[in-house]
*Asks:* 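After the structure tokens below, expect a handful of questions from me.
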Amino acid sequence: MIAAPDRTPLAREFFDRPVLDVAEDLLGRLLVRNTSEGPIELRLTEVEAYAGEADPGSHAYRGRTPRNDVMFGPPGHAYVYFTYGMWHCLNAVCGPEGRASGVLLRAGEIIQGAELARKRRLSARNDKELAKGPARLATALDVDRALNGTDLCAGPDSPLRLLHGVPSRSDQVMNGPRTGVAGEGGVHPWRFWIADDPTVSPYRPHTPRKRRT
DNA sequence: ACGTTGATTAACT
DNA sequence: GTTAATCAACGTC
């Protein structure tokens with residue numbers, strides 16, 4: 001007998017904790033996107049923690065700007081940023097207000113609305129690739145900066161929410177270095193994923209860019 | 001391995 | 001005000 005996942009939203013207090021605790025605890029939870037065509041639901045399988053202004057890997061490292069403003073606000077809200085001229089990535093803001101920590105939602109398994117996700121991810125060769133990577137996840141769920149600042153703890157009519165779902169057992173949670181983070185920020189094993197899950201993205205080390213002369 | 005693409009920001013005038 | 005380097009990535013080669 002398998003218990004049905006808990007479909008109540010995560011409470012504000014869930015996010016108002018140290019970011020590493022929140023990151024690990026988010027694995028197995030449900031991310032629900034209400035689109036005009038219907039809901040898309042995703043079970044989180046991979047995340048990364050970003051620890052505020054002291055973290056060289058964080059957008060907040062150089063202080064508060066219009067772009068990262070949401071990270072400095074109250075926990076439990078969505079921080080969506082645009083990167084590489086093409087893609088969006090989705091984070092959940094954590095910790096006490098002003099701390100500017102957050103969890104990047106890197107990958108997941110689409111468990112409902114796959115037909116809607118496939119329409120947005122035409123290059124995906126199979127359903128396991130629909131949300132295998134942070135920009136793929138955002139694309140599959142039709143997340144862009146219009147959703148920046150969305151309250152993830154709100155009611156069922158909200159466009160983007162995080163529900164309790166079925167949290168992963170701690171003995172299935174792996175951790176290691178973050179993807180693509182250079183220098184001292186790269187030493188922290190702050191990437192968390194569910195062991196042996198086929199929707200987890202491959203690890204990619206930081207690639208230094210060529211300096212233009 | 002390489003090209004794509006544009007917001008953001010530091011470093012200039 | 002203007003410029004140029006940077007960037008938590010993906011798709012195609």
Side-chain angles (χ1 to χ4, degrees), chain A residues 15 19-20 22-24 26-27 31 42 44-72 77-95 99-108 110 117-149 152 160 174-193 198-213:
Chain A
F15 298 97
V19 65
L20 294 181
V22 178
E24 178 166 359
L26 276 173
L27 293 173
L31 178 64
L42 175 141
L44 286 170
T45 59
E46 180 189 356
V47 300
E48 272 175 10
Y50 287 86
E53 290 182 275
D55 179 358
S58 172
H59 283 178
Y61 185 52
R62 288 176 177 82
R64 191 169 189 162
T65 67
R67 181 202 205 190
N68 64 28
D69 192 62
V70 170
M71 290 192 84
F72 289 80
H77 291 248
Y79 168 49
V80 181
Y81 65 85
F82 185 73
T83 191
Y84 286 98
M86 273 176 278
W87 313 108
H88 296 273
C89 294
L90 171 62
N91 302 257
V93 176
C94 295
R99 177 84 169 69
S101 61
V103 177
L104 173 68
L105 309 183
R106 288 193 55 88
I110 305 281
R118 285 185 208 112
K119 286 200 289 188
R120 300 191 49 80
R121 291 273 303 119
L122 295 177
S123 63
R125 288 168 297 188
N126 58 64
D127 283 3
K128 300 187 190 328
E129 288 185 357
L130 286 174
K132 183 186 279 193
R136 290 169 171 179
L137 184 153
T139 302
L141 269 59
D142 196 16
V143 170
D144 62 21
R145 285 188 301 174
L147 294 176
N148 192 35
L152 299 170
L160 192 62
M174 313 292 287
N175 70 294
R178 294 180 293 184
T179 300
V181 175
E184 295 195 11
V187 306
H188 303 298
W190 291 348
R191 174 175 175 251
F192 298 88
W193 67 93
T199 64
V200 173
S201 71
Y203 173 67
R204 239 190 278 185
H206 173 74
T207 53
R209 302 224 174 1
K210 191 192 282 184
R211 179 194 290 247
R212 238 178 73 179
T213 55

*Asks:* Is C:dA8 syn or anti, taking syn as a glycosidic angle within 90° of 0?
*Replies:* syn
*Asks:* If I take atom CG in residue A:Leu104 and atom P in nucleotide C:dC7, what distance separates them, rounded to the nearest angstrom?
*Replies:* 16 Å
*Asks:* Stacking here means centres under 5.5 Å and planes under 30°; does A:Tyr84 stack on C:dC7?
*Replies:* yes
*Asks:* Nearest whole Å is fine: how far is C:dA5 P from A:Arg62 CZ?
*Replies:* 16 Å
*Asks:* Can you tell me how far apart CZ (A:Arg178) and CD (A:Glu48) are? Round to the nearest 0.5 Å.
*Replies:* 7.0 Å
*Asks:* Provide, to the nearest angstrom, the distance between the CZ atom belonging to A:Phe82 and the C1' atom belonging to B:dT4.
*Replies:* 11 Å
*Asks:* Distance check needed: B:dT9 P versus A:Arg67 CZ, whole Å only.
*Replies:* 7 Å
*Asks:* Hey, can you tell me if A:Tyr79 and A:Tyr81 have their rings parallel, tilted or perpendicular (30° and 60° cut-offs)?
*Replies:* tilted
*Asks:* Base, sugar-phosphate, or nothing for A:Arg121, non-hydrogen atoms under 4.0 angstrom?
*Replies:* sugar-phosphate
*Asks:* Testing the basics here: between A:Tyr50 and A:Thr179, what is the closest heavy-atom pair and its distance to 0.1 Å?
*Replies:* OH-O, 4.5 Å
*Asks:* Classify A:Thr65 by what it touches in the nucleic acid, base, sugar-phosphate, or nothing, heavy-atom distance under 4.0 Å.
*Replies:* sugar-phosphate
*Asks:* Can you figure out which of C:dA8, B:dT5, B:dT9 approaches the side chain of A:Met71 most closely?
*Replies:* C:dA8
*Asks:* Among the nucleotides C:dA9, C:dA8, B:dT9, which one has an atom lying closest to any side-chain atom of A:Tyr81?
*Replies:* C:dA8
*Asks:* Does a nitrogen or oxygen in the side chain of A:His59 sit under 4.0 Å from OP1 or OP2 of C:dC7?
*Replies:* no
*Asks:* Grab the CD-P distance between A:Glu129 and C:dA9 for me, whole Å please.
*Replies:* 17 Å
*Asks:* Would you indicate, yes or no, if C:dA8 has its OP1 or OP2 atom less than 4.0 angstrom from a side-chain nitrogen or oxygen of A:Thr83?
*Replies:* no
*Asks:* What is the distance from CG of A:Asp144 to C1' of B:dA7, rounded to the nearest Å?
*Replies:* 14 Å
*Asks:* Whole Å only: how far is the CE atom of A:Met86 from the P atom of C:dT6?
*Replies:* 18 Å
*Asks:* Can you name the nearest heavy-atom pair linking A:Ala140 to A:Leu130, along with the distance?
*Replies:* CB-O, 3.4 Å
*Asks:* Can you name the closest pair of heavy atoms from A:Leu26 and A:Phe15 and give their distance?
*Replies:* CD2-CE2, 4.4 Å
*Asks:* Taking all non-hydrogen atoms of both residues, which atom of A:Leu105 and which atom of A:Leu137 are closest, and how far apart?
*Replies:* O-CD1, 3.7 Å
*Asks:* For DNA chain B, list all stems, counting runs of three or more consecutive pairs where every pair is Watson-Crick or G-U wobble with both distances under 3.5 Å.
*Replies:* B:1-4 with C:9-12, B:6-12 with C:1-7
*Asks:* For the side chain of A:Thr179, starting at C-beta, report the closest nucleotide among B:dT8, C:dA9, B:dT4.
*Replies:* C:dA9
*Asks:* Could you check whether atom OH of A:Tyr61 has more than 12 heavy atoms from other residues, nucleotides or ligands sitting under 6.0 Å from it?
*Replies:* no
*Asks:* CZ of A:Arg64: more than 12 outside heavy atoms within 6.0 angstrom?
*Replies:* yes
*Asks:* Expressed in angstrom and rounded to an integer, what is the separation of A:Tyr79 atom OH from C:dA8 atom C1'?
*Replies:* 10 Å
*Asks:* May I ask you to say what A:Arg145 touches in the nucleic acid, namely base, sugar-phosphate or nothing, with a heavy-atom cut-off under 4.0 Å?
*Replies:* sugar-phosphate
*Asks:* A:Arg136 has a side chain; which of C:dG11, C:dA8, B:dT8 sits nearest to it?
*Replies:* C:dG11
